[in-house]
2 protein chains.
Amino acid sequence: MAEPSDTPDSAPRLRIRLSYGDGQVMGPGKAELMEGIARTGSISAAGRAMGMSYKRAWQLVETMNSMFSQPLVSSSRGGAKGGGAHLTEAGEEVLAAYRALEEASRTAGAPALARLAALRSDMSGGK
Amino acid sequence: MAEPSDTPDSAPRLRIRLSYGDGQVMGPGKAELMEGIARTGSISAAGRAMGMSYKRAWQLVETMNSMFSQPLVSSSRGGAKGGGAHLTEAGEEVLAAYRALEEASRTAGAPALARLAALRSDMSGGK
DNA sequence: TTGCGTTATGTTTTGTGAAACATAACGCGG
DNA sequence: CCGCGTTATGTTTCACAAAACATAACGCAA
C-alpha cells in the first residue's frame with residue numbers, strides 16, 4: 001500500500017559545480033541560497049530556510065559577490081525592517097545561467113543517466 | 001608579451017557528481033581512479049598516481065563496488081606480481097557512461113557557461 | 001620457506017570546514 | 001532615544017573526513 005511496484009528509478013540528484021581557480025566555486029548550495037534571498041528578501045531568512053546559520057549564509061554571499069565582476073547580492077542594514085537583501089541584475093543572470101546549465105545537462109545527459117540507472121539495478125541488457 | 005589579448009576564458013572545471021541516497025556518490029574522483037586502475041592494473045599504483053593513499057583508493061573502490069549491482073573493479077592478491085586489479089565489464093560501462101555524461105553536459109551547457117564567463121569578466125553586454 | 005608487492009583492514013592522529021557562541025553597527029519607527 | 005530585526009564580523013568549539021601509521025593475508029617465484 002506504499003510502494004506501487006518495483007523501484008522506479010531512484011533518480012540520482014545531479015549536482016553540477018563549476019570551480020574556477022582558488023576556492024571559487026559555484027554550485028547547488030549557492031544557487032539555492034540565491035533563490036531564497038530572491039524569495040524572502042533576506043539573507044538570514046534564506047539561510048534559515050536552508051537550515052544554515054546566518055553566518056554561513058553570509059559567507060556564501062560574500063564569496064559569490066567576490067567571484068564575479070559585480071556583486072550578485074545587494075544588502076542593506078537598519079531601517080524599518082532591520083535591513084534586507086536582494087539579487088542584483090547580475091545575480092539574477094548568474095542564477096538563470098546556472099539553472100540553465102543544470103537543465104541542459106540533465107536533458108543532454110539523460111541517456112547516460114539511464115545507462116547508469118540500469119547498471120545500478122541490474123545488468124540484464126548486456127553489451 | 002605574456003597575455004596576448006583579453007582574458008581567454010579561464011574555463012572553469014565542470015564537475016558533475018551524482019548522488020544517490022545515503023552517501024553513495026559517483027563523481028570525478030572515482031572516475032579518475034577507475035581510469036588509473038584500467039591503465040596500471042593496480043589499485044595502489046592508481047592511487048599513487050593521484051597522490052592518494054592506498055587505503056583511500058581502496059575505500060573508494062569498495063564504495064564503488066557496493067553502489068552498483070555488480071562490482072566495478074575486480075582484484076586479486078598474491079601471485080607473481082603481488083596481485084592486481086582491473087575494471088570489470090560493468091566498470092567499463094559505468095566509466096564510459098560517466099564520461100559521456102560529462103561530455104554531454106559540457107556540450108549542452110556551453111551557452112550557459114559562456115554567459116557565466118561573460119559575467120565573470122565584465123558586464124557590458126546587457127539584457 | 002623466504003621474500004616481494006599487492007590487496008585488505010584496523011587504529012590513531014591530524015586538519016579543516018562547519019557550528020556555536022558573542023558582539024557590534026545600522027537605521028527607522030514608535 | 002530606545003528597541004527591534006537585520007547585516008556584518010570575530011572567536012571558540014566541535015565533528016568528521018582524510019592522513020598517517022600499523023598489520024595481516026595472499027600466492028607465486030626463487
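Chain naming here is simple, since letters A, B, ... match the order of the sequence lines and numbering starts at 1 in each. The analysis underlying the following values was restricted to heavy atoms, covering all of them including side chains, and did not include hydrogens, waters or symmetry mates.
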To the nearest 0.5 Å, how far apart are CZ in B/Arg13 and CG in A/Leu18?
12.0 Å

Given D/dT7, C/dA19, C/dT7, the nucleotide with the shortest approach to the side chain of A/Ser42
D/dT7

Check whether any side-chain heavy atom of B/Leu87 lies under 4.5 Å from a side-chain heavy atom of B/Leu72, and answer yes or no.
no

In whole Å, what is the span from the CG atom of B/Leu60 to the P atom of C/dT7?
14 Å

Over how many whole Å does the gap from B/Arg56 atom CZ to C/dT9 atom C1' extend?
16 Å

Between P on C/dT9 and CD on B/Gln59, what's the gap in Å once rounded to a whole number?
11 Å

Below 4.0 Å: OP1/OP2 of D/dA8 and any side-chain N or O of A/Ser75
yes

When you match A/Met52 and A/Gly82 each to their closest nucleotide on DNA chain C, which lands nearer the 5' end?
A/Met52

Is any side-chain heavy atom of A/Val73 less than 4.5 Å from a side-chain heavy atom of A/Leu33?
no

Within the pair A/Arg77 and D/dG5, is there a side-chain N or O less than 4.0 Å away from OP1 or OP2?
no

Phosphate oxygens OP1/OP2 of D/dG5: is one of them under 4.0 Å from a side-chain N or O of A/Ser44?
no

On a plain distance test, is the side chain of A/Lys55 in donor-acceptor contact with the base of D/dG10 below 3.5 Å?
yes

If you find the nucleotide of DNA chain C closest to B/Gly78 and the one closest to A/Ser53, which residue's nucleotide is nearer the 5' end?
B/Gly78

Measuring to OP1 and OP2 of C/dT7, would you say a side-chain N or O of B/Trp58 lies under 4.0 angstrom away?
no

Between C/dC28, D/dT7, D/dA25, spot the one nearest the side chain of A/Ala80, thanks.
C/dC28

Taking for each residue the nucleotide of DNA chain D bearing the nearest heavy atom, is the 5' side occupied by A/Gly83 or by A/Glu62?
A/Gly83

Flag the pair A/Pro28 / A/Tyr98 as yes when at least one side-chain heavy-atom distance between them is below 4.5 Å, and no otherwise.
yes

Among C/dT6, D/dT6, C/dA8, which nucleotide sits nearest the side chain of B/Tyr54?
C/dA8

Do B/Thr40 and B/Ser42 meet the criterion of a side-chain donor-acceptor pair at a distance under 3.5 Å?
no

In whole angstrom, what separates A/Lys81's NZ from C/dC28's P?
15 Å

